[in-house]
A.B. asks: 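Before I ask anything, here is the structure I am working with.
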Amino acid sequence: NLPALGDAMDGLGVMGALVAFVALGSPRSRATGVSIVRVKASLPARAGMMRLKSVFGRDLLQFGQLQAPPNVQKTFSRLPSSSEMQEYEDTQDSDEEMEDVAEAAKGIPNWDIERFAPIESDIQENELIHLFPTFAFKTQCKKTGKERWVTQVHGRAVDKVKHKGRRRMHTVAKAFGFYPTTKDEEDLYHYRMNLFTLKAANKRSVAVDLGAGVWWGSTLRNGHFQINAQLASEVLPRHIPDYGSPSSMEFTTCPVSDGRVWSTNLFFIPPQGLSIISDIDDTIKLTQVRKSKQMFRNTFLRNFTAVDGMSDLYTYLSQQGAAFHYVSNSPWQLQPELQDFLNTTGFPAGTFHLKHLRFRLQNPRSFLINRLGLRSRNKTQNNKQIMIAKILGAFPDRKFVLVGDSGEKDPIIYSKIAEAFPAQIERIYIRRVEGDLRQQAHWNKLFSFLDSSKWCVFDDPRLVLDDMRKFLESKTATT
């Protein structure tokens, strides 16, 4: 079909045309290939190639059916999936094109299974993976009507030897007054600074084993990868009811050439129940975001310290079956340290929803104060609001409690979320940070649309604990 081929070469470039030649090998793919090439002719070559892969790869590679010719397998194994057509951009750039909250309320989409295929990870010996805990939600297959669990595996691959911008960051640290002066501070400083300066491992294939199959994805230029997967309910190791607490399952990456694997938890969260969406900085962890110098020292030089009483509150809620989502403007680079903080201070395990950060140092002061994520801006506020909206959209029948602090934008974000999801938000708790002198009239105005029993600005977490006990007891009595 010469017209279609001409469209392909014009819109997709030479490499796009080569993929089109491969796809035109069978009658079925030939008909589909012409249509897709025409539709995607106006896109860049990379996007067109990814889309071709997502269509043809589903026929040839799904469910481990690797009978396709070797050249086709080789071509598809190197192409990212359609979900990765959106190139990574940092928060400052991507927020401008971000969907609004109403669109985010649709939740995480029901992805097609595109990447169920045995493929080796090509992580090198000097590279490693940070795998982040995630959740799965129940949905129904439109074609078969069977129940299935949908999840998105998220991680980051970095080079543990090569660094980017480390010397300049040391210079900036000295200027800002958070350079180490003791041996303990020095060890902690270098470890945490390395989380930011380690070079990302770009264009690496990563495979994860979820027990019922192997899914794969490719890292982007920031080292992040997201792998969409679905599991049929009957293949899970145990039955998960429609109401109650989450069930966790450990999963791993497939072994790399030297035998290494990385693991994390996948939380199967029932459609109904109670979920806690919690901020981190100055809500459960003392960061002192309002004081720049102390914020940097707490981030790079000191062991993370828990807010008194918050772990007791969260432990009680976990014992009552609540699921936890930690949503913060902290960058993903800090997730390993934040995970260790939860483990060592007694906070319940949960999923992380953090900020994407590209490490750039053209303006070090702006990077440290704003782009580090610990001090939010309006666009970052919108980013956090959308992350929360997507969680609520994935669980339309669950009830949520929002916990944050008065140091930054949590009250405004939570008030907007409560207006958008009035039936799902049961409580809003705002921890008053040190130095916040705003009077009750301010909070009454902000939450004027809510019943006074549904929100609280607190200094002592024990007040929240008592209120949640009464709330849960009343729910138990009515059911």
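Residue numbers count from 1 along this sequence.
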A.B. asks: Within a strict 4.5 Å, meaning less than it, do heavy atoms of the L274 and L472 side chains meet?
C.D. replies: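 Touching, per the 4.5 Å side-chain cut-off.
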A.B. asks: Evaluate ring-ring contact (aromatic ring centres under 6.0 Å, His included) for F296 paired with F176, printing each intermediate quantity in order.
C.D. replies: CA-CA 8 Å; F296 295 138; F176 274 65; 5.6 Å; yes
A.B. asks: Can you check whether V401 reaches M468 side chain to side chain, under 4.5 Å on heavy atoms?
C.D. replies: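 V401 reaches M468 side chain to side chain.
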A.B. asks: Using salt bridge (charged side-chain N to carboxylate O under 4.0 Å, His left out) as the criterion, list what pairs up with D340, not counting sequence neighbours.
C.D. replies: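 In terms of salt bridge (charged side-chain N to carboxylate O under 4.0 Å, His left out), with neighbours along the sequence ignored, D340 is linked to no residue.
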A.B. asks: What residues, two or more places apart in sequence or in another chain, satisfy salt bridge (charged side-chain N to carboxylate O under 4.0 Å, His left out) together with D460?
C.D. replies: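 Residues passing salt bridge (charged side-chain N to carboxylate O under 4.0 Å, His left out) with D460: R462.
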A.B. asks: Determine yes or no for a side-chain-to-main-chain donor-acceptor pair under 3.5 angstrom, with K146 supplying the side chain and S233 the backbone.
C.D. replies: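 Looks like no, no N/O pair under 3.5 Å.
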A.B. asks: Check I430 against S406 and note the closest heavy-atom contact, atom names and distance.
C.D. replies: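 Closest heavy-atom pair between I430 and S406: CG2-N, 3.6 Å.
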A.B. asks: I'd like to check the side chain to side chain contact (heavy atoms under 4.5 Å, CB included) partners of L188; sequence neighbours left out, ordered by chain and number.
C.D. replies: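 Expected list: R192, N303, E337.
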A.B. asks: Quick one: list whatever passes ring pair (Phe, Tyr, Trp, His ring centres under 6.0 Å) with F471, sequence neighbours left out.
C.D. replies: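 By the ring pair (Phe, Tyr, Trp, His ring centres under 6.0 Å) rule, F471 matches no residue at all.
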A.B. asks: For the residue pair T287 / N298, report whether a side-chain donor-acceptor contact shorter than 3.5 Å exists.
C.D. replies: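 No, no side-chain donor-acceptor contact under 3.5 Å.
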A.B. asks: Would you call the rings of Y326 and F324 parallel, tilted or perpendicular if under 30° counts as parallel and over 60° as perpendicular?
C.D. replies: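 Parallel.
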A.B. asks: Please examine the side chains of L266 and T151, heavy atoms only from C-beta on, and report whether any two atoms are closer than 4.5 Å.
C.D. replies: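 Yes, their side chains come closer than 4.5 Å.
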A.B. asks: Over all heavy atoms of both residues, which pair between I425 and A418 is shortest? Give the atoms and the distance, please.
C.D. replies: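 Where I425 meets A418 most closely, the heavy atoms are CG1-CA, 3.9 Å.
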A.B. asks: V158 and L128: side chain to side chain contact (heavy atoms under 4.5 Å, CB included), yes or no, with the steps?
C.D. replies: CA-CA 6 Å; V158 296; L128 56 84; 3.5 Å; yes
A.B. asks: What residues, two or more places apart in sequence or in another chain, satisfy side chain to side chain contact (heavy atoms under 4.5 Å, CB included) together with A306?
C.D. replies: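 Once residues adjacent in sequence are excluded, the partners of A306 under the side chain to side chain contact (heavy atoms under 4.5 Å, CB included) criterion are F341, T345, F347.
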A.B. asks: Looking only at heavy atoms, which two atoms of G346 and T315 are closest? And how far apart?
C.D. replies: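 Heavy atoms of G346 and T315 come nearest at O-OG1, 3.3 Å.
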A.B. asks: Apply the test side chain to side chain contact (heavy atoms under 4.5 Å, CB included) to residues L342 and L338: give CA-CA distance (whole Å), side-chain angles for both, the deciding distance (0.1 Å), then the verdict.
C.D. replies: CA-CA 6 Å; L342 297 185; L338 294 174; 5.8 Å; no
A.B. asks: Partners of F132 by ring pair (Phe, Tyr, Trp, His ring centres under 6.0 Å), sequence neighbours excluded?
C.D. replies: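 In terms of ring pair (Phe, Tyr, Trp, His ring centres under 6.0 Å), with neighbours along the sequence ignored, F132 is linked to H154, W332.
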A.B. asks: How would you list, by chain and number, every residue that makes a ring pair (Phe, Tyr, Trp, His ring centres under 6.0 Å) with F268, sequence neighbours excluded?
C.D. replies: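 Per chain and number, F268 pairs via ring pair (Phe, Tyr, Trp, His ring centres under 6.0 Å) with W149.
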A.B. asks: Inspect the contact between E426 and K475 and indicate whether a charged nitrogen and a carboxylate oxygen are less than 4.0 angstrom apart.
C.D. replies: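 Counted as a salt bridge, because a side-chain N and a carboxylate O are separated by less than 4.0 Å.
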A.B. asks: Determine yes or no for a side-chain-to-main-chain donor-acceptor pair under 3.5 angstrom, with T197 supplying the side chain and H163 the backbone.
C.D. replies: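 Checking the backbone N and O of H163 against the side chain of T197, no donor-acceptor pair under 3.5 Å is found.
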A.B. asks: Could you check if a side-chain atom of C254 sits within less than 4.5 angstrom of a side-chain atom of V214, using non-hydrogen atoms only?
C.D. replies: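 The answer is yes, as the side chains (C-beta and beyond) meet within the 4.5 Å cut-off.
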A.B. asks: Who pairs with D279 by salt bridge (charged side-chain N to carboxylate O under 4.0 Å, His left out), at least two apart in sequence or on another chain?
C.D. replies: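 Applying salt bridge (charged side-chain N to carboxylate O under 4.0 Å, His left out) to D279 gives K384.
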A.B. asks: Ignoring hydrogens, what is the shortest heavy-atom contact between L354 and P331? Give both atom names and the distance.
C.D. replies: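 The answer is CD1-O, 3.7 Å.
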A.B. asks: May I ask you to test the I428-F400 pair for a side-chain heavy-atom distance under 4.5 Å?
C.D. replies: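 The answer is no; the side chains never approach within 4.5 Å.
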A.B. asks: Going by distance alone, is a donor N or O of one side chain under 3.5 Å from an acceptor N or O of the other, for Q272 and D397?
C.D. replies: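 There is no such pair between these side chains.
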A.B. asks: Once rounded to the nearest 0.5 Å, what's the spacing between atom OG1 of T305 and atom CD of Q288?
C.D. replies: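 Rounded to the nearest 0.5 Å, the OG1-CD separation comes out at 9.5 Å.
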A.B. asks: Heavy atoms, side chains only, cut-off 4.5 Å: are L392 and I277 in contact?
C.D. replies: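 L392 reaches I277 side chain to side chain.
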A.B. asks: So, for H170 and H190, is the gap between ring centers shorter than 6.0 Å?
C.D. replies: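 Between H190 and H170, which both carry aromatic rings, the centre distance is below 6.0 Å.
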A.B. asks: I'd like to know if the side chain of Q140 and the backbone of G145 have a donor-acceptor N/O pair within less than 3.5 Å.
C.D. replies: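 Such a contact is found between Q140 side chain and G145 backbone.
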A.B. asks: Ring of F225, cation from R156 - is the NZ or CZ under 6.0 Å from the centre and inside 45° of the axis?
C.D. replies: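 Verdict for F225: no cation-pi partner in R156.
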A.B. asks: Apply the test side chain to side chain contact (heavy atoms under 4.5 Å, CB included) to residues Y316 and L465: give CA-CA distance (whole Å), side-chain angles for both, the deciding distance (0.1 Å), then the verdict.
C.D. replies: CA-CA 8 Å; Y316 168 76; L465 180 59; 3.5 Å; yes
A.B. asks: To the nearest 0.5 Å, tell me how far L210 CG sits from L231 CG.
C.D. replies: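 Rounded to the nearest 0.5 Å, the CG-CG separation comes to 5.5 Å.
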A.B. asks: Using side chain to side chain contact (heavy atoms under 4.5 Å, CB included) as the criterion, list what pairs up with K162, not counting sequence neighbours.
C.D. replies: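 Expected list: D159, K199.
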A.B. asks: Atom SG of C456 and atom CZ of R427: how far apart are they, to the nearest 0.5 Å?
C.D. replies: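 Here the interatomic distance stands at 10.0 Å.
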A.B. asks: Taking the side chain as every heavy atom from C-beta outward, state whether I123 and R260 have any atom pair closer than 4.5 Å.
C.D. replies: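 Yes, at least one pair of side-chain atoms sits under 4.5 Å.
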A.B. asks: Regarding E127 and R204, does a basic nitrogen lie under 4.0 Å from an acidic carboxylate oxygen?
C.D. replies: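 So E127 pairs with R204 through a salt bridge.
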A.B. asks: If only atom types and distance count, is the side chain of N228 paired as donor or acceptor with the main-chain N or O of Q152 below 3.5 Å?
C.D. replies: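 Not at all, since once roles are kept as given, no pair shorter than 3.5 Å links the two residues.
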A.B. asks: Establish, from distance only, whether the side-chain atoms of R398 and S275 form a donor-acceptor pair under 3.5 Å.
C.D. replies: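 Yes, S275 and R398 have a side-chain donor paired with an acceptor closer than 3.5 Å.
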A.B. asks: Tell me whether the rings of F395 and H325 are parallel (<30°), tilted (30 to 60°) or perpendicular (>60°).
C.D. replies: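 Aromatic pair F395/H325 classed tilted.
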A.B. asks: For D281 and S330, does a side-chain donor sit closer than 3.5 Å to a side-chain acceptor?
C.D. replies: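 Indeed, the side chains of D281 and S330 share at least one donor-acceptor pair under 3.5 Å.
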A.B. asks: Compare every heavy atom of V327 with every heavy atom of M387, then report the nearest pair and how far apart it is.
C.D. replies: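 Closest pair (atom of M387, atom of V327, distance): CE-CG1, 3.9 Å.
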A.B. asks: Check whether Y429 reaches the backbone of W455 with its side chain - one donor and one acceptor, N or O, closer than 3.5 Å.
C.D. replies: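 Looks like no, no N/O pair under 3.5 Å.
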A.B. asks: For E185, which residues count as a salt bridge (charged side-chain N to carboxylate O under 4.0 Å, His left out) partner, sequence neighbours excluded?
C.D. replies: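 With sequence neighbours excluded, E185 shows a salt bridge (charged side-chain N to carboxylate O under 4.0 Å, His left out) to R297, given in chain and number order.
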A.B. asks: In Å and rounded to the nearest 0.5 Å, what is the CE to CG distance from M193 to L301?
C.D. replies: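 So the CE of M193 and the CG of L301 are separated by 8.5 Å.
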A.B. asks: Do N265 and E250 meet the criterion of a side-chain donor-acceptor pair at a distance under 3.5 Å?
C.D. replies: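 No.
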A.B. asks: Kindly compute the distance separating CG (D405) from CD1 (I284), expressed to the nearest 0.5 Å.
C.D. replies: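 That separation rounds to 10.5 Å.
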A.B. asks: Search all heavy atoms of T283 against all heavy atoms of V307 and return the closest pair with its distance.
C.D. replies: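 Closest approach of T283 to V307: O-CG2, 3.7 Å.
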A.B. asks: Taking only residues two or more places apart in sequence, or in another chain, which ones meet N343 in a side chain to side chain contact (heavy atoms under 4.5 Å, CB included)?
C.D. replies: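 Partners of N343 by the side chain to side chain contact (heavy atoms under 4.5 Å, CB included) criterion, ordered by chain and then number, come out as Q339.
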A.B. asks: Please table the atom pairs, donor to acceptor, closer than 3.5 Å between any side-chain atom in residues 237-246 and protein atoms at least two apart or in another chain.
C.D. replies:
residue, atom, partner, partner atom, Å
R238, NH2, S248, O, 2.8
D242, OD1, K138, NZ, 2.8

A.B. asks: Would you confirm whether D410, through its side chain, and G404, through its main-chain N or O, come within 3.5 Å as a donor-acceptor pair?
C.D. replies: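 Here the side-chain-to-backbone pair does not exist.
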A.B. asks: Would you say T139 and R148 make side-chain contact, with heavy atoms under 4.5 Å?
C.D. replies: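 Yes - at least one pair of side-chain heavy atoms lies under 4.5 Å apart.
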A.B. asks: Start with the C-alpha distance between F196 and F300, add both sets of side-chain angles, then the distance that settles side chain to side chain contact (heavy atoms under 4.5 Å, CB included), and finish with yes or no.
C.D. replies: CA-CA 11 Å; F196 288 90; F300 292 102; 3.8 Å; yes
